[in-house]
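Comments concern the structure below.
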Amino acid sequence: MTIPVSLEFFPPKTPEGAAKLRDARRLLYALKPEFCSVTFGAGGSTQEGTLQAVTEIMAEGWPAAPHLSCIGQTRESIRERLAAYSAAGVKRIVALRGDLPSGYGPGGEFRYASELVAFIRSETGRQFHIEVAAYPEMHPQSKSPMADIDAFAAKIEAGADSGITQYFFNADAYLHYVDTLARRGIRAPIVPGIMPITSSTQLMRFSDSCGAEIPRWIRMRLASFGDDSASIRAFGLDVVTMLCERLKAGGAPGFHFYTMNQAKATVEICGRLR
Ligand code: FAD
């Protein structure tokens, strides 16, 4: 496949999870990822796990990008984390606002991801390539589609290099979003985030919480399979491969796979795209 691929993981919580993730990564490295990113829990539970997973990936010979969310953080705590990432040899960061778990308390010294991007640039200059989140179907808290575009533009203006989108299943939403940004003079690469479909209930749960729309026809087909996980996976592979083909034809600069720490579906989709 000529189109670049990046892979997203979350920090495993148990030694078994860590071993499974190592196995999954071994298979996924066949895709020659441009980089592997590791999520960062705004609530705090997985923050050390992010650096640990990133360090392992780099030791395995691949570029790794820790996510860094600023909600609930102070300038000093972000400064310390940047120093740790720098000492570990990190060159790329996915900079986010994040979401605090309910009842977590005050939000810290940053309100928006654009403030984090500006802070990283002011502290470390051009040391890191900075990725930020983009929402072709609009972030659930944005006041309007244009406010959402303004929020993305603010992150680029603050110094971000490129965007990775929330996942979506409607190619037109992405193509229209990129077009709107281009008309505004924003030409930073916006890489579509791709969620392989491997389980119906998990997908519904995630999508409801992050505002990603599952088109009615996909919902209906998934519901019709009931517990038949083989049919769900086969249907999911067809749907997501078709989505990627449309995005590639529409000029997507790469794909960022939300692997969910699993290799099979991502490897299969990329194989079909070749
Ligand atoms: P922002 O860009 O700050 O936007 C948040 C909201 O504020 C939006 O509604 C925006 O319109 C609004 N806004 C922004 N600026 C302003 C302003 N100046 N005035 C008024 N409103 C404004 N979460 C994690 O906790 N950990 C992760 O590792 C993680 N990784 C992610 C990776 C990707 C690729 C994506 C797409 C999301 C990820 N998330 C992660 C989820 C993300 O943290 C949430 O979607 C969060 O709600 C918003 O983060 P953001 O960086 O997009 O925030």
Side-chain angles (χ1 to χ4, degrees), residues 5-12 34-51 53-54 64-73 78 81 85 90 92-102 104 107-120 129-168 173-174 177 180-181 186 188-195 206-213 252-261:
V5 164
S6 53
L7 305 168
E8 182 169 315
F9 304 110
F10 56 84
E34 203 184 1
F35 66 93
C36 298
S37 80
V38 182
T39 62
F40 182 88
S45 60
T46 62
Q47 296 182 353
E48 293 315 318
T50 302
L51 180 56
V54 157
H67 294 205
L68 178 59
S69 61
C70 60
I71 197 85
Q73 304 274 348
I78 293 287
R81 211 150 278 278
Y85 288 164
V90 165
R92 185 187 290 254
I93 288 176
V94 183
L96 303 142
R97 184 196 71 178
D99 295 301
L100 281 180
S102 56
Y104 192 82
E109 292 178 1
F110 296 87
R111 286 169 308 163
Y112 303 114
S114 53
E115 295 173 357
L116 174 63
V117 173
F119 184 73
I120 297 173
H129 179 107
I130 303 179
E131 307 272 358
V132 287
Y135 301 89
E137 294 181 337
M138 204 175 102
H139 184 267
Q141 291 159 7
S142 290
K143 293 204 171 69
S144 68
M146 283 328 284
D148 193 272
I149 292 284
D150 288 345
F152 183 79
K155 294 190 269 196
I156 296 296
E157 281 150 17
D161 297 290
S162 40
I164 301 173
T165 76
Q166 183 56 276
Y167 69 86
F168 56 87
Y174 169 83
Y177 181 75
T180 309
L181 288 172
I186 294 172
I190 315 285
V191 174
I194 304 294
M195 177 67 87
F206 268 159
S207 305
D208 287 346
S209 64
C210 67
E213 189 200 27
F255 296 125
H256 181 80
F257 281 93
Y258 294 106
T259 68
M260 307 306 291
N261 290 7

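Numbering of ligands and ligand atoms starts at 1, following listing order.
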With only distance considered, is [X] within less than 3.5 Å of ligand 1 through an N or O on each side?
| X | result |
| --- | --- |
| T165 | no |
| G98 | yes |
| A134 | no |
| D148 | no |
| S114 | no |

For [atom], tell me which residue out of [options] has the closest non-hydrogen atom.
| atom | options | value |
| --- | --- | --- |
| atom 47 (O) of ligand 1 | Q166, H139, M146 | H139 |
| atom 50 (P) of ligand 1 | H67, R97, E8, E131 | R97 |
| atom 25 (O) of ligand 1 | Y112, F40, F152 | F40 |

Output for pair (R92 CZ, E34 CD), nearest 0.5 Å, gives 5.0 Å
Which of the atoms in ligand 1, numbered in the order shown and given with their element, are less than 4.0 Å from a heavy-atom of [X]?
| X | answer |
| --- | --- |
| T39 | 28 (O) |
| S142 | 8 (C), 9 (O), 10 (C), 11 (O) |
| A133 | 35 (C), 36 (C), 52 (O) |
| D99 | 44 (C), 46 (C), 47 (O) |
| Q141 | 9 (O) |

So [Y] and [X], do their side chains get closer than 4.5 Å, heavy atoms only?
| X | Y | answer |
| --- | --- | --- |
| H67 | E8 | yes |
| T50 | T39 | no |
| H129 | S162 | yes |

Which of these, I93, D161, I130, L96, sits in a side-chain contact (heavy atoms from CB on, under 4.5 Å) with V117?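 Single side-chain contact (heavy atoms from CB on, under 4.5 Å) partner of V117 among I93, D161, I130, L96: I130.
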What residues, two or more places apart in sequence or in another chain, satisfy salt bridge (Lys or Arg N to Asp or Glu O under 4.0 Å) together with D150? R184
What residues, two or more places apart in sequence or in another chain, satisfy ring pair (Phe, Tyr, Trp, His ring centres under 6.0 Å) together with F10?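 Testing F10 for ring pair (Phe, Tyr, Trp, His ring centres under 6.0 Å), a comparison that skips the adjacent residues, returns none.
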Grab the two heavy atoms, one from I71 and one from F110, that are nearest each other, plus how far apart they are.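 Residues I71 and F110, closest heavy atoms: CD1-O, 4.1 Å.
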Tell me whether the rings of Y167 and Y258 are parallel (<30°), tilted (30 to 60°) or perpendicular (>60°). perpendicular
Within-shell test, Y258 vs ligand 1, heavy atom, strictly < 4.0 Å: yes
